[in-house]
**Q** 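Please read through the structure below; I'll follow up with questions.
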Amino acid sequence: MSTTDVAIVGAGVIGTAVAWRAAQRGLTVTLFDPDPTRGAWRTAAGMLAPITELHYAESALLRLNLASLARYPSFVEELGLPTGYRANGTLEVAWDAADLAALRDLHAFGTSLGLSSRLVDGAELRAIEPGLAPGLPGGLVADSDHQVDPRLLHAALTTAARAAGVRFVAEEVRDLGALAAGQVVLAAGAWSGVLGGLPVRPVKGQTLRLRALSPLASGRVVRASVKGSTVYIVPRENGDVVVGASSEEAGFDVTPRAGAVYELLRDAQTVLPELGEAELVEVSTGLRPGTADNAPLLGRGEDGVILATGHYRNGVLLTPVTADAIATLLATGETDPVIAPFTPSRTAVPA
Ligand code: GLY
């Protein structure tokens with residue numbers, strides 16, 4: 001006998017947002033998670049960066065990213081609680097001439113998609129963000145790439161879901177088939193592979209939280225590839241910055257690794273020298289749910305379980321579109337075309 005219309009496994013940002021949206025549609029929802037703080041959201045910096053985190057081969061994923069980004073302003077407004085959403089854009093800094101050429105290509109590609117960005121030279125770069133190291137050759141201002149604070153977002157979603165009537169159960173689910181529910185949603189991030197027998201693997205990421213002496217003047221995310229190693233610096237409104245992120249294939253190991261901390265601090269300080277004087281507040285380690293094609297699994301699987309997982313590097317960005325589309329599927333049985341390319345039965349996402 002079903003005791004709830006919907007059982008959702010995983011109370012990270014994805015599972016909690018799906019729960020909220022499903023409850024808003026009149027479904028009874030039970031959300032299972034023994035420890036939501038394990039989720040990747042806790043480590044995530046919260047870049048909403050469809051352009052600067054882009055890989056050219058992933059155009060179906062880019063469309064999904066853009067659809068979700070477009071929903072962010074109304075999504076956070078409806079939540080009505082602090083989320084740290086900031087539409088300040090991102091400054092992608094070139095390290096050398098080869099980087100600058102790559103940014104020109106990125107600019108042309110973004111422009112062809114109707115996204116606003118502009119190339120700037122070294123002097124303009126430092127005028128926008130005076131704390132940047134002197135001598136950088138230029139960069140790209142991506143007006144469409146924003147940020148949110150995932151910890152505030154998760155707290156807001158939890159409050160909204162509770163207010164909408166979602167029942168939270170702090171229990172580990174080991175057998176999806178044993179859940180007494182009309183429909184089951186698997187949103188267990190990096191643990192989805194083990195729980196659902198899916199091709200989802202943990203990809204370890206480390207981020208640092210620093211208390212800077214003087215905040216980034218522009219409030220923009222700064223992103224750079226320092227000698228081939230990518231670093232991003234995400235300024236919060238209170239002056240703190242989040243520096244990320246390592247990417248490590250280390251199974252379920254979440255031990256902070258000294259080498260990763262060193263590399264992040266080295267690269268961040270190379271781009272913004274003053275960060276060397278900042279207070280190191282926290283080292284955080286999380287597990288991204290990686291898939292073979294870097295794209296999420298969204299929709300009903302062969303066993304009837306609805307999947308909302310595998311968001312890899314884009315879980316925070318993809319939260320609004322995932323929540324809306326999965327709630328539609330739960331309430332009506334219909335697949336929103338926006339998630340159709342990400343059906344769990346695919347062998348590859350079409351470009
Ligand atoms: N989206 C940033 C990261 O996964 O590191």
Side-chain angles (χ1 to χ4, degrees), residues 12-14 17 38-58 61-62 64-69 72 83-86 88-93 106 142 144-154 189-190 192 200-210 220-226 228-236 241-250 253-254 256-257 259-261 263-268 271 282-296 309-322:
V13 285
I14 297 286
R38 293 184 306 187
W41 61 270
R42 218 177 164 278
T43 298
M47 281 188 303
L48 307 175
I51 276 289
T52 50
E53 288 263 288
L54 178 71
H55 297 271
Y56 290 98
E58 299 170 350
L61 182 56
L62 176 63
L64 188 69
N65 286 345
L66 291 172
S68 203
L69 184 72
Y72 244 100
T83 60
Y85 175 73
R86 297 178 88 183
N88 292 18
T90 291
L91 198 52
E92 178 86 21
V93 174
L106 191 60
S144 55
D145 285 13
H146 304 315
Q147 63 151 304
V148 70
D149 181 337
R151 295 181 182 183
L152 291 177
L153 177 67
H154 186 264
S192 305
V200 175
R201 69 184 198 288
V203 182
K204 182 176 176 180
Q206 292 183 68
T207 55
L208 312 176
R209 276 153 179 83
L210 306 181
R220 293 178 192 272
V221 175
V222 172
R223 207 174 169 287
S225 187
V226 181
S229 149
T230 299
V231 66
Y232 48 79
I233 301 155
V234 181
R236 299 282 185 244
V241 297
V242 184
V243 175
S246 72
S247 186
E248 304 163 52
E249 300 281 348
D253 170 42
V254 287
R257 193 173 57 81
V261 174
E263 284 156 23
L264 290 172
L265 285 176
R266 179 197 62 197
D267 294 346
V271 177
E282 187 185 330
V283 178
S284 176
T285 303
L287 299 172
R288 305 176 182 92
T291 60
D293 56 15
N294 299 337
T309 188
H311 292 79
Y312 188 39
R313 297 181 72 97
N314 294 304
V316 175
L317 172 58
L318 291 175
T319 294
V321 77
T322 301

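Counting convention: from 1, in listed order, for ligands and their atoms alike.
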**Q** State the OG1-OH distance between T207 and Y232, to the nearest 0.5 angstrom.
**A**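 Atom-to-atom, T207:OG1 and Y232:OH are 7.0 Å apart.
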**Q** Got the closest protein heavy atom to atom 4 (O) of ligand 1, with its distance?
**A**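 It is R288 NE, 2.8 Å.
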**Q** Would you mind listing which atoms of ligand 1 come within a distance below 4.0 Å of any non-hydrogen atom of A245?
**A**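 Listed by number with element: 5 (O).
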**Q** Can you tell if the side chain of S247 reaches within under 4.5 Å of the side chain of V203, non-hydrogen atoms only?
**A**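 Sidechains of V203 and S247: in contact.
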**Q** With rounding to the nearest 0.5 angstrom, report the NE2 to OG1 distance, H311 to T322.
**A**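 Output value for this atom pair is 3.0 Å.
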**Q** Classify the angle between the aromatic ring planes of H154 and W41 as parallel (below 30°), tilted (30 to 60°) or perpendicular (above 60°).
**A**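 It falls in the parallel class, under 30°.
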**Q** What protein heavy atom sits nearest atom 5 (O) of ligand 1, and how far off is it?
**A**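 For this ligand atom, the closest protein heavy atom is Y232 OH, 2.6 Å.
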**Q** Taking C-beta and beyond as the side chain, do L61 and P296 meet within less than 4.5 Å on heavy atoms?
**A**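 SC-SC contact between L61 and P296 confirmed.
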**Q** Please work out whether any backbone atom (N, CA, C, O) or any side-chain heavy atom from C-beta onward of Y312 is under 4.0 Å from ligand 1, and answer side chain, backbone, both or neither.
**A**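 Contact part for Y312 vs ligand 1: neither.
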**Q** For ligand 1 and R313, I'd like to know whether there is a polar contact (N/O to N/O, distance under 3.5 Å).
**A**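 Checking ligand 1 against R313, an N or O pair does fall under 3.5 Å apart.
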